[in-house]
S.K.: 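Next up is a structure, given as structure tokens.
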Amino acid sequence: MTDTTTTPAYSETPEEREFELRASIGSYWTGGRLFIGMFTFLLASEAFAYFYLRSSNSGQLWRPRNVTAPTGIGWSIYAVVLVSSVLVIYGQWRMRRGSVIDWEVAGWTAVLGGLVALGLQIWQLTQLPFYPGSSGYASCFIGWAVMNIMMLFGATFWIETVLARSLRLRKVAADDGPVQLGGSPQAQIFRANVSACTYFWGFVAVASTLFWVMFYLI
Amino acid sequence: MTDTAPTPSAHQPAGPPSAEPRHFWRMFAIWIVLSAILDPLFYFLVGPHVPPGTMTSSAAENQLDFNILFVIALPVILAVWVYLGYSIIMWRASRKDAPEPVGGEAARTNLRVQTAWITVTSVIVLFLAGFGTYELIQNYGAGGGQGPNPIWKPTASHILPVQVIGQQWKFTYRYPTYGGFETQQLILPADTTIAFHVTSLDVIHSFWAYQLSIKADANPQVDNVAYTTTRQLGRFTVRCSELCGLWHGAMYNFGQVVPKAQFDSWARQTELTTAANTRLLPPFAWTYVPDANGAGGGYYNNTVDPYSPSEVYGARQPAS
Amino acid sequence: MTISAERESEVAYPDPTPPHAGGIQGWTSRPGWLSQHLGTAIVGAVAGYLIGHWLGNVIASGYNYVANSGVNAIANTGGLLLGALGWLIGIGALNYPLAKMVGMEPAPEQETTSWTRYFRYTADHKVVGLQYVIGVLLFLFTGGLLAMAIRTELLSPTSHVFGPGTYISIVSEHGTMMMMMATSAVVGPLGNWLVPIMIGARRTAFPRIEAFSFWIFSAGYLVILTALPYGGFPTGWTGYAPLQTQASGGMMSYLVGFALIGSGMMAAGFNLAVTIVNYRAPGMTWSRVPIFVWSILATCALLTLATPTLVAAGLFGILDHTAQTAFYVNEHGGSSYLWENLFWFFGHPEVYIMALPGFGIVGEILPVFTRKPLFAYKVAAAGMVGVALLSFFVWQHHLFQSGINPDMRPLFMLTTELISIPTGFIFLVGMGTLYKAKIRFEVPMLFALALFFNFLIGGVTGVFLSDVPVNVTVHGGFFVLSHFHYTIMGGLIFALFGGLYFWLPKMTGKTMNKKLGQIHFWMMFIFFNLTFFPMFIIGLLGQPRRVFEYQQNLQALNDFSSVSAFILGSSFLVFIANFAWSIFIKPTPAPPNPWNSLGLEWQTASPVPYYNFERIPVVLTDPYRYGEEGAPPVADLGEELVGAGAGPRAGTSTGETSATSAE
């Protein structure tokens, strides 16, 4: 039992440094998956609302006259999100093969895509052919639009911070080689972050597909 | 939450058997004596008075169900209390020459005790679930609201339907077999199977006829059905048991179970005297959609277009 | 005044780049009065509220339904949401996300011993833990005052102290505040403070998310308080839908408040779950993790996965009030059952969010005061995981009489009763640990034993409630009210106070007065039971919940309950006096390990250094080896062993240091 009244200075042995690094990388891995789990339950609540109201169809008002949200904008949002997700995943694949610039270009394009999709989603809300409270479908659509804005904002913010970090790391840690490839602790943690972010973009693509089918196809 | 009896017994070999008192048997003896005294005392002295009484079939069955649960639960509670009390007295540190506890593997885990515990709890729990399910089905939903499509229906040839309409903050009743008149008095015939059709005009209420052992939430636009068979004459209390706003606490009234003939004459009499009112009421239906500016609370006003086609005065015919 | 008033403030960093700093000294928090603290948060909140409210009025004042109703839900919501945002900006929660957008990572936080750190946004989990202690107690005592008001009104069946509107607002506010508080009651204070130290970590995985969880929790507290000046809300803590849609004013505080508290719960659970999985010290295998950490892990799984449903349900409610959607409006294609299902899909796991940490605390306290190892450790851990899993499959037992399709009823009766098997494991653990023990009746132990007494009653009555036929009589009455007060207050709150008496000496370095502690315990224990036990009978005799008028013949029981409740309430004054006296006014320094515990959290220096451990400990065994000759110490804290790189976890992890393992 250490019974001291003065605290010794903080220091790290190489083993501890290694331990902290492993824990940090592991945290990105676990955290990324858990974050997806959280979002899954959030979106599952929306999907539950959709199917619950659809099946109960109270007052025959689930979806009178088969109203649909503006399809052109909806399909565009879906296409942009899908392309951005594919770009993010492809970019990471390229980065692992050593092409840092490909990842950066793909990433910044995805940021742009995310922003465009966000803008389209907000614009779509001003173009609805139905009143929000006019039917179950209308309500669920508004709910999904809000969640989609949250999800796209999160994904875009995340990939943007990763890209900004890579730019800054390049200036700081240039002697270690390109940070996206190097073996320094910073580079390893950075890649764990990229990996978790890419995983989330994959999730965004899957979720967007599901809700696109729900709101525009069936 | 179960019989603790096996816990100490398996520990027994751990201590020196000669010096140690036989803790398990002592506890077991206290426990069995207490249970043997208190269980019958409860069942025979308190049991017949346990709410909700025996005024209806569902009340009687639910009372029996409660008593059976209690007779099983009491020994479980006693077992834990006896064990806790015994440990606190026998194994307190302030006791003279209290021995040092022995740690090690034997004190950390004991397969027999753990298996016994899990087995006993599982058996009790599965028995209770099975028994509850049996009572629920055999008793036609046990007086609980079964929703619009009940699956456990009474087999009686003659069932009296009574509609219960909850609104902020009173219950009214309609008798469809007597021209659908509406009244604030719930009068029921004795020895009759009754189907309560519970619905609401505004928010969620819960129709709780306490002595009848009926509880069914009153949901707007839902026909929530609950069954019971009346057995005894007498008065009963109706309360709202789901928070429904400002005067929820004052939302109660009283009903009465009367002989069949008396009920019949009352119903025919009331049908006649209220005939003028009944004509002004919406035609009888299982659910009602109030006007948006009416009982719905005036939340949506109907000057905005497009709006729902269901904004009509009065009732709509049942979907089924 | 603070943890380490006598501590050296001079700190040297031999290594300029601590591991998680990333080496960029881009953004530092400014010290001094001008930096961000509680004061700027309040300014931000007020400014945000005013802007949001003004904005809402600008947006919506032209709408018919707003002009006619006199209540503008959009302005309310805007004010509350922007107020919360202003609060977060004011405290500095957004500094880091914004710095990240330009690629910066924060510099390591300057270690400080100044008392002002308790009013700041800080990455030190010990400071956040103590902030939570105060926050949760404030929450609890506010809710408790409302409970006193309820019991005052129920003194008489007919003559009233409050009008019905005031009364229903008090009831709703009491329920909502207590539920919000209870979800974070243990995870917040004790979870944040203890878990990293118990697993031998120097930090949590995401310290800023952790700080965020506290500050949004406190924002939730302020938001739910605004319900009262807004005129209250009539729905109780369950917020059932048509009534929710009908209500206005304080209803928005309820919905926004729950959404904020929900975000805080997710953040706290997320951070601690990731920390437990990744930051366990070398040698801290899953079979050596303290039982409290298991309980927090199970709780965090529920917090992160069940709470999003609450946030979604709240979001739908907010949209119903502001954007005029119709999620919960039957007449427009919505369904009031949707709220009931979403709410209880969250609400039932939430019940176990409140129960499990209490079990964990008791599991830590028992071995120390019995001088025996924890009995059936693996069963206890499995039970907690089992409860967490099963709790997702029982929610419809809240809807037995609601008119949903009846065919699921036997199934949910079965799952509900099944969950009592893993819940019952805590009794197996407790009773096995007491067997042939040497029980010391210190204050924490008294609270732990009380949990077994109370939770037994709460648990057994839960079986009555799960039985559908009996449920017909007891649902929605005082019986169920008493049941959940026995589980949540009798379980969680007793465990929380036991835990506070147990760990506060380590957390604050001060000893709590034993005599006052004993008075507090006996008052609380006796009058808790005298308050709530009669309510089982009141419920069986036919008194529904949340009423202000009841049968004349129940007045005697109600009055008995009320008077007991007043004494129960005043028992907390004893605690407050003890807390104020022992911690602030006449502090008595606590020895580093007053209870002579083997737990890792007691082995580190006292007061606990900023980085918790001088060296990352190498865990050698579980912390329950009492009464065992020649048992090894729980962990090696010295430099020599760490230098040797011992410990299975360190050994394996160093082997896989390759660039691709990041994936």
Side-chain angles (χ1 to χ4, degrees), chain A residues 1-13 15-27 30-31 34 37-38 41-42 45-46 48-49 52-53 56 58-59 61-62 132-136 138-139 142-143 146 160-161 164-165 167-168 172-173 183 185-186 188-189 191-192 195, chain C residues 6-8 11-15 19-20 22-24 100-103 205-206 266 270 273-274 277-279 282 304-305 308-309 311-313 315-316 319 323-327 329-335 338 342 592-593 603-605 609 611 614 616 637 642-643 645 650 653-654 659 662-663:
Chain A
M1 192 180 310
T2 327
D3 183 10
T4 50
T5 43
T6 55
T7 315
Y10 173 71
S11 68
E12 281 190 318
T13 61
E15 286 80 9
E16 283 172 344
R17 222 181 291 259
E18 178 65 22
F19 171 81
E20 291 278 352
L21 175 64
R22 290 290 114 208
S24 234
I25 292 171
S27 297
T30 323
L34 197 55
M38 268 160 57
F41 271 81
L42 187 75
S45 309
E46 163 70 22
F48 176 80
Y52 192 89
L53 297 184
S56 59
S58 66
L61 274 175
W62 157 246
S134 60
S135 67
S139 302
I142 305 283
V146 173
E160 199 277 341
T161 58
R165 181 112 182 97
L167 287 184
R168 197 166 284 270
V172 171
Q186 288 170 18
Q188 292 189 44
I189 291 174
R191 277 197 303 273
S195 164
Chain C
E6 67 278 5
R7 190 165 152 189
E8 300 280 323
V11 172
Y13 284 94
D15 184 337
H20 50 290
I24 296 173
K100 265 180 97 98
M101 285 192 72
V102 289
F206 300 104
M266 288 194 281
F270 178 81
V274 174
V277 171
N278 290 291
Y279 277 86
T304 41
L305 298 181
T309 313
V311 174
L315 172 69
F316 298 159
L319 287 175
Q324 301 281 293
T325 56
F327 281 101
V329 185
N330 296 297
E331 293 90 332
H332 295 266
S335 170
L338 178 60
L342 287 176
N593 191 352
Q603 313 304 322
T604 182
Y611 279 99
E614 203 178 314
I616 292 180
L637 302 147
V642 175
S653 63
T654 39
E663 169 52 64

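So that the names make sense, note that chain A is the first sequence line, chain B the second, and so on, each numbered from 1.
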S.K.: Any non-hydrogen side-chain atom of A:Phe41 less than 4.5 Å from a side-chain atom of C:Thr304?
M.R.: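 Answer no - side chains too far apart.
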S.K.: Donor-acceptor pair, distance only, cut-off 3.5 Å: does the side chain of C:Thr325 make one with the backbone of A:Ser139?
M.R.: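 Checked: no pair found.
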S.K.: What is the minimum heavy-atom distance between A:Gly31 and C:Phe270, and which atoms define it?
M.R.: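 So the two residues come closest at O-CE1, 3.2 Å.
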S.K.: Taking every heavy-atom pair that is under 4.5 Å apart, which of A:Ile142, A:Val146, A:Leu53 has the most such pairs with chain C?
M.R.: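 Among A:Ile142, A:Val146, A:Leu53, the one with the most close pairs to chain C is A:Leu53.
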S.K.: Under the rule for side-chain hydrogen bond (donor to acceptor under 3.5 Å, both in side chains), what residues qualify as partners of A:Thr30, not counting sequence neighbours?
M.R.: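 side-chain hydrogen bond (donor to acceptor under 3.5 Å, both in side chains) list for A:Thr30, sorted by chain: C:Asn278.
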S.K.: Under 4.5 Å between any side-chain heavy atoms of C:Lys100 and A:Arg165, yes or no?
M.R.: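 No, their side chains stay 4.5 Å or more apart.
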S.K.: A:Ser45: what forms a side-chain contact (heavy atoms from CB on, under 4.5 Å) with it, not counting sequence neighbours?
M.R.: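 Applying side-chain contact (heavy atoms from CB on, under 4.5 Å) to A:Ser45 gives C:Thr309, C:Ala312, C:Leu342.
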S.K.: Which region of C:Leu315, side chain (C-beta onward) or backbone (N, CA, C, O), has a non-hydrogen atom less than 4.5 Å from a non-hydrogen atom of chain A, or is it both or neither?
M.R.: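 Contact with chain A: side chain only.
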S.K.: So do the side chains of C:Tyr279 and A:Ser27 get within less than 4.5 Å of each other, counting heavy atoms only?
M.R.: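 Yes, at least one pair of side-chain atoms sits under 4.5 Å.
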S.K.: How close do C:Val102 and A:Arg168 get, heavy atom to heavy atom, and via which atoms?
M.R.: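 Nearest heavy atoms, C:Val102 then A:Arg168: O-NE, 2.8 Å.
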S.K.: For C:Glu614 and A:Glu16, which heavy atoms make the closest approach, and how far apart are they?
M.R.: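 In this case the closest contact between C:Glu614 and A:Glu16 is O-OE2, 4.4 Å.
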S.K.: Minimum heavy-atom separation for C:Met101 to A:Ala164, with atom names?
M.R.: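 Minimum heavy-atom contact is O-CB, 3.3 Å.
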S.K.: Report which part of C:Ala313 has an atom under 4.5 Å of a heavy atom belonging to chain A: side chain, backbone, both, or neither.
M.R.: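 For C:Ala313, neither part sits under 4.5 Å from chain A.
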S.K.: Out of A:Ser56, A:Ala138, A:Gly136, return the one with the most heavy atom pairs under 4.5 angstrom to chain C.
M.R.: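 Between A:Ser56, A:Ala138, A:Gly136, the count favours A:Gly136.
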S.K.: Restricting to non-hydrogen atoms, name the atom on A:Phe19 and the atom on C:Pro282 that form the minimum distance, rounded to 0.1 Å.
M.R.: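 Shortest heavy-atom separation between A:Phe19 and C:Pro282 comes out as CE1-CD, 3.8 Å.
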S.K.: Do the side chains of A:Glu12 and C:Ile616 get nearer than 4.5 Å, heavy atoms only?
M.R.: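 The answer is no; the side chains never approach within 4.5 Å.
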S.K.: Where does C:Phe327 contact chain A at under 4.5 Å (heavy atoms): side chain, backbone, both or neither?
M.R.: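 For C:Phe327, the contact with chain A is made by backbone and side chain together.
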